Colleague: 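Quick one: structure below, then a few questions.
It should be emphasised that the depicted structure is a prediction, and the values quoted were computed from it without experimental measurement. Both ligands and their constituent atoms are indexed starting at 1 by order of listing.
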Amino acid sequence: MKAAVLYGPRNLKIQDKPIPSPGERDVLIRVKVTTICPTDLRKYTGHSTFRKPLILGHEFSGVIEEVGEKVDFLEKGDRVTVLPFIFCGNCKYCRLGKHNLCLKLGGIGGAAELGVKLDGSFAEYVKVPAENVYKLGRNMTYTEGSLVEPLAASLGSLLNAELKPGETVLIVGAGPMGLLQISLARIMGAGRIIVSDLLDERLKYAEEFGADVVINPMRESVYDVVMRETRKYGVDIAMLSTGGTITASLASEALRFTAKGGRIVVFAGVWPPTNTSLDLNAIHYGERKLVGSFIYSREVFSRAVEVAASGRINLERLVTHRFSLDDIEKAFQVALNKEGLKIALTP
Ligand SMILES: [Zn+2]
Ligand SMILES: [Zn+2]
């Protein structure tokens, strides 16, 4: 089979590899659509470590080609997507259902590197544990199937934020994750949705996905707009969905424009790790909460499959570019240049 194998920073080779044979509790999937995630880009550019060589790719959908002997709930021909993290199942967090916090979090295609590590979906075929496989809804496209993974992470963030109907949400960062959060916030009953981003092109997408108010902080102060839009109360939820060290200063700044009882969600990792100082009295007297959100549990992923199957979110619209596997380096370059939104590969 054809596979894109990463040997080191910017050292990606299209190779002919043997088709993996599934173990008794695995399935073999013929990959139909796989989308590029910032995690893949960090490994490609050398900003994140991984065991080498590795086939990247953890957002994907496809058709089951072969099932292991002990797999009785899936069959050849099923159209599926995959939860790309491997949970140990035995640590305290796994047993509490908080799989995302697993002490030995492993992954498919470099999604996580602590526990079990498996090759990913930037290939014609991928072998995965059957328990990680979810069937697509009848009307779902393969592209929608591939986007269940980022949808699940976004859904987890709004569930952690404990969004209640009518609440005002600020989403900082209108990349693909921010756009999914806008869509989810809408169907979960948010009141006003305010979105900020430095790129005007992304603000246009934000409006298309349902933002009520958009802000480019290069031109307008987020604080001023939030105060104007919320009768000076501030937002109920400030979702920090932009990557990079800016998140550290945003977290302390967000305390100034988050309403009492509001939640500030740190959704993106901060690399390199950066500390920040916080006004603890704003947390104490205003009962504001600082909340972390990192990927999803099995429960949240299952819910994301149902949300995607409902057709109530325009997932197809997120994919702006498609490439064949042979052109993966071109695809990575488009993603690195932040052209468009999601970049899909069709192996
Ligand atoms: Zn991802
Ligand atoms: Zn665990």
Colleague: So with a 6.0 Å cut-off around NZ of Lys289, is the heavy-atom count from everything else above 12?
Modeller: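 No.
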Colleague: Tell me if the aromatic rings of Phe60 and Tyr142 count as close, with their centers under 6.0 Å from one another.
Modeller: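 No: the rings miss the under 6.0 Å criterion.
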Colleague: Please indicate how many protein N/O/S atoms are found closer than 2.8 Å to the Zn ion (ligand 2), with waters neither displayed nor included.
Modeller: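 Those protein atoms number 4 in total.
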Colleague: Under 6.0 Å from the NZ atom of Lys32, do we count more than 12 heavy atoms belonging to anything else shown?
Modeller: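 At most 12 heavy atoms, drawn from other residues, nucleotides or ligands, come within 6.0 Å of this atom.
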Colleague: Can you confirm if the NZ or CZ of Lys330 lies within 45° of the ring axis of Phe332 and under 6.0 Å from the centre of its six-membered ring?
Modeller: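 Ring-cation test returns no.
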Colleague: Can any side-chain N or O of Ser61 pair as donor or acceptor with the backbone N or O of Gly145 at less than 3.5 Å?
Modeller: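 No: the side chain of Ser61 does not pair with the backbone of Gly145.
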Colleague: Suppose the cut-off is 2.8 Å; how many protein N/O/S atoms fall inside it around the Zn ion (ligand 1)?
Modeller: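 With waters ignored, the protein N/O/S count below 2.8 Å is 3.
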Colleague: Which residues satisfy the ring-ring contact (aromatic ring centres under 6.0 Å, His included) test with Phe87, sequence neighbours excluded?
Modeller: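 Counting only residues at least two positions away or on another chain, Phe87 forms a ring-ring contact (aromatic ring centres under 6.0 Å, His included) with His99.
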Colleague: Considering the options Arg42, Lys43, His47, which one meets the side-chain hydrogen bond (donor to acceptor under 3.5 Å, both in side chains) requirement together with Thr45?
Modeller: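 By the side-chain hydrogen bond (donor to acceptor under 3.5 Å, both in side chains) criterion, Thr45 pairs with just one of Arg42, Lys43, His47: His47.
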Colleague: Is the ring pair Phe85/Phe294 parallel, tilted or perpendicular, if the boundaries are 30 and 60 degrees?
Modeller: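 The arrangement is perpendicular - the two ring planes meet at more than 60°.
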Colleague: Can you list everything that forms a salt bridge (charged side-chain N to carboxylate O under 4.0 Å, His left out) with Glu208? Sequence neighbours excluded, please.
Modeller: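 If we apply the salt bridge (charged side-chain N to carboxylate O under 4.0 Å, His left out) test to Glu208, skipping adjacent residues, the hits are Arg317.
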